[in-house]
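Working notes, structure below.
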Amino acid sequence: DTGVSQDPRHKITKRGQNVTFRCDPISEHNRLYWYRQTLGQGPEFLTYFQNEAQLEKSRLLSDRFSAERPKGSFSTLEIQRTEQGDSAMYLCASSLGTLEQYFGPGTRLTVT
Amino acid sequence: TQLLEQSPQFLSIQEGENLTVYCNSSSVFSSLQWYRQEPGEGPVLLVTVVTGGEVKKLKRLTFQFGDARKDSSLHITAAQPGDTGLYLCAPTEAGANNLFFGTGTRLTVIP
């Protein structure tokens, strides 16, 4: 049984570049969530999918951020024109119709 | 807007000691989850509590949900170095789809 996986684990990019992260949830889970975590803080909710539908987006998710889950399985999170303030750990979680969310290892983004 | 407080923010203890960390809010929650997170990794789910007054045990860890479902505590007996990590509480309100995390308690257990 595999848990939630995320790729890449680490990403260093220059300001202004676009980056894309991938999340593969636990296979039977219909819900998928993205969170962002900065140093010294708990994870903050960004967005949530039920199957392929994006049902909720946080105010934290600016226009430069877009997330997709095209076939209701894996998801991608893209950040366009990255800024230094985007540096954070991006966490993906999945659940099966409940709020018991299981997290992946995260993608650590550093914008230089 | 939820206001969630976890205390203490930092805790450093010797191996074998007992400790309790707290998660408090003025809001009533439908459920609450505790996670442990190690540096560079995602949070790992420890327990979910749902009923006011509920107590759950996971080996040396005891979790309690307050009677009014506004607070929770985590007690660790005979702490071990492997317990070191960031302990996060994440309550949910009725009808909410996402978790709201506190800033956590960073526990260090010294061998």
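Sequence lines set the chain letters: A, B, ... in the order given, protein chains first and strands last, and positions in each chain run from 1.
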* To do: Using atom types as modelled and distance alone, determine if a side-chain donor or acceptor of A/R9 lies under 3.5 Å from a backbone N or O of B/G40.
  => yes

* To do: Flag yes if more than 12 heavy atoms outside A/E68 fall under 6.0 Å of its CD atom; otherwise flag no.
  => no

* Transitive ILVMFWY side-chain link B/V21 to B/I13, under 4.5 Å -> yes

Below 3.5 Å, can you tabulate the donor-acceptor pairs from side chains in residues 84-94 of chain A to any protein atom, sequence neighbours excluded?
unit_1: A/D86; atom_1: OD1; unit_2: A/R64; atom_2: NH2; d: 2.9
unit_1: A/D86; atom_1: OD2; unit_2: A/R64; atom_2: NH1; d: 2.8
unit_1: A/D86; atom_1: OD2; unit_2: A/R64; atom_2: NH2; d: 3.3
unit_1: A/D86; atom_1: OD2; unit_2: A/E83; atom_2: N; d: 2.8
unit_1: A/S87; atom_1: OG; unit_2: A/Q84; atom_2: O; d: 3.1
unit_1: A/S87; atom_1: OG; unit_2: A/V111; atom_2: N; d: 2.9
unit_1: A/Y90; atom_1: OH; unit_2: A/D86; atom_2: O; d: 2.7
unit_1: A/S94; atom_1: OG; unit_2: A/I26; atom_2: N; d: 3.4
unit_1: A/S94; atom_1: OG; unit_2: A/H29; atom_2: ND1; d: 2.7

* With hydrophobic residues grouped by side-chain heavy-atom distances under 4.5 Å, do B/Y22 and B/F63 end up in a single group? -> no

* Do A/Q101 and B/L99 come close enough that some side-chain heavy atom pair is under 4.5 Å? -> yes

* Which answer fits A/Q6, side chain, backbone, both or neither, if we ask what part of it has an atom under 4.5 Å from a heavy atom of chain B? -> neither

* Atom pair OH (B/Y35) and OH (A/Y102), whose distance is rounded to the nearest 0.5 Å -> 8.0 Å

* To do: Please check if B/L19 and B/V47 belong to a single hydrophobic cluster, counting links between Ile, Leu, Val, Met, Phe, Trp and Tyr side chain heavy atoms closer than 4.5 Å.
  => yes

* Is there a donor in the side chain of A/Q41 and an acceptor in the side chain of B/T103, or the other way round, less than 3.5 Å apart? -> no

* Contact class of B/Q9 relative to chain A, heavy atoms under 4.5 angstrom -> neither

* **Neighbourhood of chain B inside residues 43-56 of chain A, taking heavy atoms under 4.5 Å as contact** => A/P43, A/F45, A/Y48, A/E56

* To do: Would you indicate whether A/K57, at its atom NZ, is surrounded by more than 12 heavy atoms from other residues, nucleotides or ligands within a distance under 6.0 Å?
  => no

* Asked: Taking a hydrophobic cluster as the set of Ile, Leu, Val, Met, Phe, Trp and Tyr residues connected by side-chain heavy atoms closer than 4.5 Å, whether directly or through intermediates, do B/V28 and B/F65 fall within one such cluster?
  -> no

* State plainly whether the residues B/E41 and A/R108 are in salt-bridge range, i.e. N to O under 4.0 Å. => no

* Are B/L74 and B/V55 connected in the hydrophobic side-chain network, where two residues link if heavy atoms are under 4.5 Å apart? -> no

